[in-house]
2 protein chains.
Amino acid sequence: MEIREILEAFRQYIKDKGLRYTKQREAILKAFLRADGHVTVEELYMQLRKKHPGIGFSTVYRTIKLIEDAGLATRLSFDERAERFEKTVGTDHHDHMVCIRCRRVIEFESPRIERLQTEVADKYRFQILSHRLEIFGLCNICRPHKSLV
Amino acid sequence: MEIREILEAFRQYIKDKGLRYTKQREAILKAFLRADGHVTVEELYMQLRKKHPGIGFSTVYRTIKLIEDAGLATRLSFDERAERFEKTVGTDHHDHMVCIRCRRVIEFESPRIERLQTEVADKYRFQILSHRLEIFGLCNICRPHKSLV
DNA sequence: TATCAAATGAAATTTAATATCACTACCTGC
DNA sequence: GCAGGTAGTGATATTAAATTTCATTTGATA
Ligand SMILES: [Mn+2]
Ligand SMILES: [Mn+2]
Ligand SMILES: [Zn+2]
Ligand SMILES: [Zn+2]
């Protein structure tokens, strides 16, 4: 999906909600789409300052929430203080393994786990809207290796 | 496992760490074991005040962390502001479905999902220490039902 | 272009969690 | 049992993410 199309979809979403399409919202969405990986609002704000020093902190907070509502971002936690966001467009659904030592994040996806989740939800007549699977532990670099002796 | 044994295990854990077993720590652990479900530190503190008005807020925070370290509690988030804790003793490992409308929490466990998680982790040579699977959506009461027409 | 409600940005506020620090009490050795 | 050192406690202050407030600005519509 082209950046152009995403911006248009966002504009449409905003219009449909009876809201206003502002320069700030566009700039923030662009910056968010440019940033890769899992960003905090703070990090996004810092990036934005370079090109758009006028944009306020509150607006970034407000807009990332709007982007999330529009379905263009996913909220993540990773057991840190600040929440992180990740773009959904151009990114297949996946879950995360977080190394508690080096903080490295490994992305994985398991259709079989996804399927079992819907099975469980069905059993409880629960309608899944989102889910979050986070595995914490030690990555292959940080885990203790077998002694050579 | 008897309360008595849990307290003893906690005492042992504390001793092994070279720490001190205090009245407060025992009182907080007892209150935590008595509380069922998923409690916040605030909620736990409020319960404690009834019998132990002297115990400070900071101590409850510090001790719940100690209880967690001792492996007697699990930390949960549920996308709320405050973290929640759940006892591990006398509770089989399980994951959670959270209704975003009524905030009801449904516990479930799926050995098959657990197994698939270890499979994925093995593939990445990742050593699992803990994990968290949270499904958000609408419970059977809150989800929209089929129209009668 | 005028209108006006929505949006913005700076600052204040909220709130969970942590840090500080004088005082207390647990533990060890005697 | 008693004393000494020292980890733990509790009141308070602080931190930091996130939200709210509000005067001012700006986008959409006519
Ligand atoms: Mn990711
Ligand atoms: Mn539970
Ligand atoms: Zn690592
Ligand atoms: Zn519900």
Side-chain angles (χ1 to χ4, degrees), chain A residues 7-8 10-32 38-70 73 75-85, chain B residues 7-8 10-32 38-70 73 75-85:
Chain A
L7 292 177
E8 188 46 42
F10 189 49
R11 178 174 224 137
Q12 198 55 53
Y13 174 84
I14 283 174
K15 206 173 178 181
D16 291 349
K17 282 244 167 181
L19 307 175
R20 291 177 184 173
Y21 194 71
T22 65
K23 303 181 207 313
Q24 289 91 336
R25 285 176 174 170
E26 178 165 313
I28 293 167
L29 177 56
K30 276 185 182 171
F32 176 64
H38 317 102
V39 293
T40 62
V41 173
E42 170 109 30
E43 287 165 3
L44 186 56
Y45 175 67
M46 287 311 178
Q47 275 304 316
L48 268 162
R49 294 197 66 164
K50 297 176 186 171
K51 281 202 175 181
H52 307 273
I55 293 185
F57 213 80
S58 329
T59 303
V60 182
Y61 264 105
R62 288 187 280 237
T63 304
I64 194 76
K65 203 176 281 181
L66 194 61
I67 292 171
E68 188 190 7
D69 290 343
R75 185 185 295 255
L76 307 165
S77 80
F78 297 167
D79 254 351
E80 298 166 310
R81 288 292 299 257
E83 308 246 28
R84 291 187 177 274
F85 294 86
Chain B
L7 292 177
E8 188 46 41
F10 189 49
R11 178 174 224 138
Q12 199 54 52
Y13 174 84
I14 283 173
K15 207 174 178 180
D16 291 350
K17 283 244 165 182
L19 306 174
R20 291 175 186 176
Y21 194 71
T22 65
K23 303 182 206 311
Q24 289 91 336
R25 285 177 175 169
E26 178 165 314
I28 292 167
L29 176 56
K30 276 184 181 169
F32 176 65
H38 317 102
V39 294
T40 62
V41 173
E42 170 109 30
E43 288 164 3
L44 185 56
Y45 174 67
M46 287 311 177
Q47 274 304 316
L48 269 162
R49 294 196 65 163
K50 297 176 186 170
K51 282 204 174 178
H52 307 272
I55 294 185
F57 212 81
S58 328
T59 303
V60 182
Y61 263 105
R62 288 187 281 238
T63 305
I64 194 74
K65 204 177 282 184
L66 194 62
I67 292 171
E68 188 191 7
D69 289 343
R75 184 184 295 255
L76 306 164
S77 80
F78 297 167
D79 252 351
E80 297 167 310
R81 288 293 298 258
E83 308 247 25
R84 291 187 177 274
F85 294 86

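All values reported here derive from a predicted model rather than from experimental measurement. Lettering follows sequence order; numbering is per chain, from 1.
- At the heavy-atom level, B/Lys15 lies nowhere under 4.0 Å from the strands shown.
- Across all strands shown, A/Lys17 has no heavy atoms under 4.0 Å from either base or sugar-phosphate atoms.
- A 4.5 Å side-chain heavy-atom check between A/Phe85 and A/His38 finds every atom pair outside the cut-off.
- Between B/Tyr21 and the options B/Lys15, B/Arg11, B/Glu26, B/Gln12, a side-chain hydrogen bond (donor to acceptor under 3.5 Å, both in side chains) holds for only B/Glu26.
- The local environment of CZ in B/Arg49 is sparse, with at most 12 non-hydrogen atoms from other residues, nucleotides or ligands closer than 6.0 Å.
- Ranked by how close their nearest DNA chain D nucleotide is to the 5' end, B/Arg20 and B/Phe57 are led by B/Arg20.
- Between the CE atom of B/Met46 and the C1' atom of C/dA16 there is a distance of 13 Å, given to the nearest Å.
- If you find the closest nucleotide of DNA chain C to B/Glu42 and to B/Arg11, the one lying nearer the 5' end belongs to B/Glu42.
- At distances below 3.5 Å, at least one donor-acceptor pair connects side-chain atoms of B/Arg25 with backbone N or O atoms of B/Arg20.
- When each of D/dT12, D/dA28, D/dG5 is scored by its nearest atom to the side-chain atoms of B/Ser58, the top-ranked nucleotide is D/dT12.
- Residue contacts for B/Arg62: at a heavy-atom cut-off of 4.0 Å it reaches a base atom on one of the strands shown.
- At the heavy-atom level, B/Tyr21 lies under 4.0 Å from the strands shown only through sugar-phosphate atoms.
- Aromatic ring orientation, B/Phe10 versus B/Tyr13: parallel (interplanar angle below 30°, classes split at 30° and 60°).
- Rounding to whole angstrom units, CD of residue A/Glu80 and P of C/dA16 are separated by 20 Å.
- Closest approach to the A/Ala82 side chain among D/dT6, D/dG10, D/dA17 is made by D/dA17 (side chain taken as heavy atoms from C-beta onward).
- Residue A/Gln24 has its side chain nearest to C/dT8 when only D/dA18, C/dT8, C/dA17 are considered.
- Nearest-nucleotide positions on DNA chain C for A/Lys23 and B/Arg81 put A/Lys23 closer to the 5' end.
- Here D/dA16 presents its P atom at 15 Å from CD of A/Glu43, a figure rounded to the nearest Å.
- Across all strands shown, A/Gly18 has no heavy atoms under 4.0 Å from either base or sugar-phosphate atoms.
- In plain terms, the two heavy atoms of A/Ile55 and A/Thr59 that are nearest each other are CG2-CB, 4.4 Å.
- OP1 and OP2 of D/dA7 both lie 4.0 Å or more from every side-chain N or O belonging to B/Thr22.
- Of the listed nucleotides (C/dA16, D/dG10, C/dA7), C/dA16 has the atom at the smallest distance from the side chain of B/Tyr61.
- Between A/Arg75 atom CZ and D/dA18 atom P the separation is 8 Å, expressed in whole Å.
- We find that CZ of B/Arg25 is positioned 14 Å from C1' of D/dG10, with the value rounded to whole Å.
- Distance, B/Phe78 CZ to C/dA16 C1': 17 Å, rounded to whole Å.
- Atom CD of B/Glu26 and atom P of D/dG8 are 16 Å apart (whole Å).
- Nucleotide C/dA7 holds its P atom 14 Å from the NZ atom of A/Lys65, rounded to whole Å.
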